[in-house]
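Just below is one structure, and these are the notes that go with it.
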Number of protein chains: 2
Amino acid sequence: MARTTGSHSDITGPRIREVALDLFARRGFAAVSMRQIASGVGVQAGALYNYTPDKQSLLFGLMREHMEELLAARAAREVPDDPLAELEDFTRFHIAHHLERPDAVFISYMELRNLSPENFGLIETLRRAYEDQLEEILKRGVAVGVFDVPDTKIATLALIAMLTGVSTWYRPAGRLSVQQVETIYWDMVRKAVATA
Amino acid sequence: MARTTGSHSDITGPRIREVALDLFARRGFAAVSMRQIASGVGVQAGALYNYTPDKQSLLFGLMREHMEELLAARAAREVPDDPLAELEDFTRFHIAHHLERPDAVFISYMELRNLSPENFGLIETLRRAYEDQLEEILKRGVAVGVFDVPDTKIATLALIAMLTGVSTWYRPAGRLSVQQVETIYWDMVRKAVATA
DNA sequence: GTTTTTTCTGAACGTACGTTCAGATAACCT
DNA sequence: AGGTTATCTGAACGTACGTTCAGAAAAAAC
């Protein structure tokens, strides 16, 4: 046997990333073998190496893709002018975006330690760029007196942790819609940074 | 060779758990081998099986120990009577307790998927018991009109996620003491659930 | 229809894994 | 001092891992 009928890199490539994302999210990077990924795609393990130089690069590619998609989606948004509306927009965007791709969210903060130092640094830079956008909103709000937070850096990390946490419990079949979840969280975010 | 001079289960047993906790936290359960743990202890891999029936039980033991310690530390506390003071106590307790054992915190919510279904269920029950304590505080506060949260279940998960998040960034050598961090977070928690 | 390129197979490489166990030595007990 | 128990070694088991690569077949180009 050799090349199989119907084989195309345009199909196999995305399929590998799809299967890998699913398996990495469900069982963890270290617990998933190249043979398991290949089996999910319907191919032999050796074929994967036409698409990635090694296993870790496959993980890194998925993470980078996720972070760049996050930043692009955020950049494509039209943001309001006053800090309060900006914060609401950020809150709702973050929740909706993260709930749409739970697997990518999961691996992007669970599998960081499986990255080489260089790759880790690249992902952290992207993450930092995203978090800085939230901190800038908080800083502007504090500057004009509409927010009251003792430490914008820590508030940023606290809010991000709270918002990202929805991924751990939200289920589409549950009792709440994404919009309802957004509203509940926005209520808490708004009050948490409000002037006393 | 055989039994080594100075060998004692009272020393080796805790040492194994200590090394395993450290390695699991730093590299992840699946990426750590029994031989690496043994090497850290200064023993051959076979010796570990005098202390655990298998690798997964070692992980489970660490997690159960962590959750039971958390519940015991909480139960040993004298809690105030009014919901606001109770919430402050919970907030400060949670942060301080978690910052004192970052490795155990880390593995206890990162390595859940490496547990068998039964063991997973046991840990989840303990975790649920802890989270329920926070939810009860919120419910009481809502009942007496001192808190305003649209959904106590979600508020509980949101607050826990926010508070537990400190472990991801806090470093003892950093610019803030634990008490300062407690206070900053308590400020946000208090406002987030306050009546509007 | 022929040649070139793309894609995959299947076997192999060396290494590492979790776990078991017979046997050996140290520690403890009387 | 001698017997018993606790603890560890060292080797072995079968299995799985990530990765490489020559060769074969399908697809694309001409």
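Every chain is numbered from 1 and lettered A, B, ... according to where its sequence line falls, protein lines coming before strand lines. Heavy-atom basis, side chains included; hydrogens, waters and symmetry copies ignored.
For B:T4 and C:dA26, the shortest distance from a side-chain N or O to OP1 or OP2 is not below 4.0 Å. Within the structure, every side-chain polar atom (N or O) of A:S33 is placed at least 4.0 Å from both OP1 and OP2 of D:dA16. For A:S7 and D:dA26, the shortest distance from a side-chain N or O to OP1 or OP2 is not below 4.0 Å. Between A:T12 and C:dC8, a side-chain N or O to OP1/OP2 separation shorter than 4.0 Å is present.
In this structure, CD of A:Q44 is placed 15 Å from C1' of D:dT20, rounded to the nearest angstrom. Taking atom CE on A:M34 and atom P on C:dT9, their separation rounds to 14 Å, with Å as the unit. Here D:dC8 presents its P atom at 10 Å from CG of B:L48, a figure rounded to the nearest Å. Here C:dC28 presents its P atom at 10 Å from CG of B:D10, a figure rounded to the nearest Å. Rounded to whole Å, the distance from CG on A:N50 to C1' on D:dA25 is 14 Å. To the nearest angstrom, P of C:dT19 lies 8 Å from NZ of B:K55. Atom-to-atom, CD of B:Q36 to P of C:dC17 comes out at 6 Å; the value is rounded to the nearest Å. Across the protein-nucleic acid pair, A:D54 atom CG and D:dC21 atom P stand 14 Å apart, rounded to whole Å.
Contact annotation: side chain of A:R3 to base of D:dA24, donor-acceptor pair absent below 3.5 Å.
The closest side-chain donor-acceptor pair between A:T152 and A:E135 falls under 3.5 angstrom. For A:S108 and A:R127, the side-chain atoms include no donor-acceptor pair closer than 3.5 Å. A:Q56 and A:N119 share a donor-acceptor pair across their side chains, judged by distance under 3.5 Å alone.
Checking D:dC8, D:dT19, D:dG23 against every side-chain atom of B:V43, the shortest atom distance belongs to D:dC8. Listed candidates were D:dT7, C:dG18, D:dG18. Nearest to the side chain of B:Y49 is C:dG18. Between C:dA24, D:dT9, C:dC8, one nucleotide has an atom nearer to the side chain of A:A2 than all others, and that is C:dC8. The side chain of A:R35 approaches D:dT19 more closely than any other nucleotide in the set C:dC8, D:dT19, D:dT7.
Residues B:H8 and B:A47 both approach DNA chain C. Their nearest nucleotides, taken by heavy-atom distance, put B:A47 toward the 5′ side. A residue-by-residue look at B:G46 and B:T5 shows that B:G46 has its nearest nucleotide of DNA chain C further toward the 5' end.
Ring geometry for B:H66 against B:H98 counts as perpendicular: the plane angle is over 60°, on a 0 to 90° scale with 30° as the lower cut. Between A:H94 and A:F90, the ring-plane angle classifies as parallel under the 30° and 60° cut-offs.
Nucleic acid contact for A:V32: sugar-phosphate only, since backbone atoms but no base atoms lie under 4.0 Å from a heavy atom of the residue.
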